[in-house]
Amino acid sequence: MAKNPVRVLVTGAAGQIGYALVPMVARGIMLGADQPVILHMLDIPPAAESLNGVKMELIDAAFPLLKGVVATTDVVEACTGVNIAVMVGGFPRKEGMERKDVMSKNVSIYKSQASALEQHAAPDCKVLVVANPANTNALILKEFAPSIPEKNISCLTRLDHNRALGQVSERLKVPVSNVKNVIIWGNHSSSQYPDVNHAVVETTTGEKPVRQLVADDAWLNGEFITTVQQRGAAIIKARKLSSALSAASAACDHIRDWVLGTPKGTWVSMGVYSDGSYDVPSGLIFSYPVTCENGKWSIVQGLHIDEFSRKKLDATANELVEEKALAYSCLN
């Protein structure tokens with residue numbers, strides 16, 4: 001029996017990430033090859049013409065799973081009835097801007113979008129925030145959409161997770177699909193902590209720890225971490241544009257695993273509402289290792305945190321505490 005279509009909202013849909021993401025959603029990469037979708041695309045009025053062009057291309061691509069397209073600059077129309085919201089739109093930092101200026105712009109954007117989701121989205125709506133500062137934008141959204149369960153609001157650190165997998169795969173010259181259980185702790189910023197202490201590689205003789213196979217602690221504790229932390233900046237330098245294809249792909253991975261579940265024995269990184277696990281202050285959106293089942297995520301518990309890791313977790317948590325204070329000061 002055919003499934004009912006799922007309504008998927010993409011904000012900032014005429015932008016680089018949105019343009020890469022919407023065909024992936026329409027092709028079934030996000031929700032599976034048997035799940036029809038209706039795409040809701042939102043952008044700002046100056047991008048209305050471009051957004052209409054994206055709609056025309058979606059129609060021209062004749063995706064069998066795509067059962068409808070809503071392309072609009074009206075936030076209420078965009079949010080009405082949506083089951084999944086991927087919040088890509090945000091105000092980017094421009095030259096000469098202070099952090100507080102960017103935060104203030106994004107606080108007002110996420111406040112209004114949160115209110116529209118609160119009033120018009122489906123009751124079980126799952127929200128993924130991509131736009132930076134992603135963790136704190138997600139926290140603001142949670143604040144102004146109180147009826148959306150906190151478990152249904154997350155931010156994207158899967159891009160960093162995938163980058164970490166890619167670095168290990170390149171270093172060991174193994175397929176990336178053989179590497180699993182890296183962790184991104186904390187903020188989607190350069191303070192994040194990419195952690196391989198629990199990561200393994202599938203070999204012909206079973207799973208082996210990444211640390212053992214790499215056999216170079218100096219690289220794993222140094223260059224590996226900074227490469228993942230600064231990968232976004234490196235891509236901007238190379239492309240003269242920010243990561244779009246990889247960010248869109250990671251957003252699909254994040255939602256797919258959240259909705260359809262993670263493979264047994266595998267965890268992924270998601271920015272989720274902290275309950276105090278691993279001595280991280282509660283009340284932050286913090287990236288943790290999670291497993292997903294039946295549309296729900298659970299933080300992986302009981303992992304050993306060594307002294308080196310503890311300092312890294314504390315540093316990224318402190319940055320998030322500061323960001324939260326800055327964001328809340330913009331509300332007054």
Side-chain angles (χ1 to χ4, degrees), residues 6-13 15-22 24-26 29-32 35 37-43 75 78-79 81-90 106 109-110 113-114 116-118 121-145 148-162 184 186-189 192 242-262 268-274 284-292 295-299:
V6 170
R7 292 182 180 269
V8 180
L9 166 65
V10 176
T11 72
Q16 286 262 348
I17 296 173
Y19 186 68
L21 177 58
V22 292
M24 293 183 186
V25 178
I29 292 169
M30 179 181 278
L31 293 171
Q35 178 58 66
V37 292
I38 296 171
L39 262 167
H40 288 225
M41 303 192 298
L42 174 70
D43 218 311
V75 68
C79 291
V82 297
N83 308 103
I84 290 165
V86 186
M87 316 301 281
V88 178
N106 280 297
I109 291 168
Y110 276 80
Q113 293 185 350
L117 285 169
E118 163 83 5
D124 61 344
C125 182
K126 286 179 162 56
V127 184
L128 167 61
V129 177
V130 176
N132 287 322
N135 299 59
T136 302
N137 284 344
L139 196 60
I140 292 299
L141 192 142
K142 179 195 164 296
E143 200 66 34
F144 289 95
I148 298 177
E150 62 194 34
K151 279 252 184 188
N152 281 24
I153 295 172
S154 64
C155 83
L156 186 72
T157 55
R158 182 60 174 269
L159 176 54
D160 310 296
H161 180 99
N162 288 350
I184 303 297
N187 199 0
H188 175 59
S189 75
Q192 65 176 257
S242 60
S243 314
L245 181 157
S246 54
S249 181
C252 285
D253 291 344
H254 177 113
I255 296 286
R256 186 185 62 248
D257 285 343
W258 191 2
V259 172
L260 302 178
T262 45
V268 293
S269 302
M270 280 173 68
V272 298
Y273 197 63
S274 170
L284 298 174
I285 300 275
F286 192 90
S287 183
Y288 282 104
V290 303
T291 55
C292 303
K296 292 183 166 54
W297 53 264
S298 304
I299 296 170

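In this structure, T262 has no side chain to side chain donor-acceptor pair (under 3.5 Å) partners at least two apart in sequence or on a different chain. For R7, there are no salt bridge (charged side-chain N to carboxylate O under 4.0 Å, His left out) partners, not counting sequence neighbours. D160 pairs by the salt bridge (charged side-chain N to carboxylate O under 4.0 Å, His left out) definition with R163, not counting sequence neighbours. Applying the side chain to side chain contact (heavy atoms under 4.5 Å, CB included) rule to N106 yields the partners F91, V102, I109, Y110, P133, N137; only residues at least two apart in sequence or on another chain are considered.
Contact of the L42 side chain with the Q113 side chain is registered, since non-hydrogen atoms from C-beta on lie closer than 4.5 Å.
Applying the side chain to side chain donor-acceptor pair (under 3.5 Å) test to every pair with at least one member in residues 244-261, sequence neighbours left out, gives these pairs: S154-H254, R158-D257, N162-D253, D253-R256. Identified under the salt bridge (charged side-chain N to carboxylate O under 4.0 Å, His left out) test for residues 128-143, with sequence neighbours left out: none.
Taking CG of N135 as the reference point, atom CG of L156 lies at 10.0 Å (rounded to 0.5 Å). A distance of 11.0 Å separates CD1 in I255 from CG in N83, rounded to the nearest 0.5 Å. Atom-to-atom distance recorded for I17:CD1 and L245:CG is 10.5 Å, nearest 0.5 angstrom.
Using modelled atom types, one finds a donor on one side chain and an acceptor on the other under 3.5 Å when comparing S274 with Y288.
Between the S287 side chain and the S269 main chain, no donor and acceptor come within less than 3.5 Å of each other.
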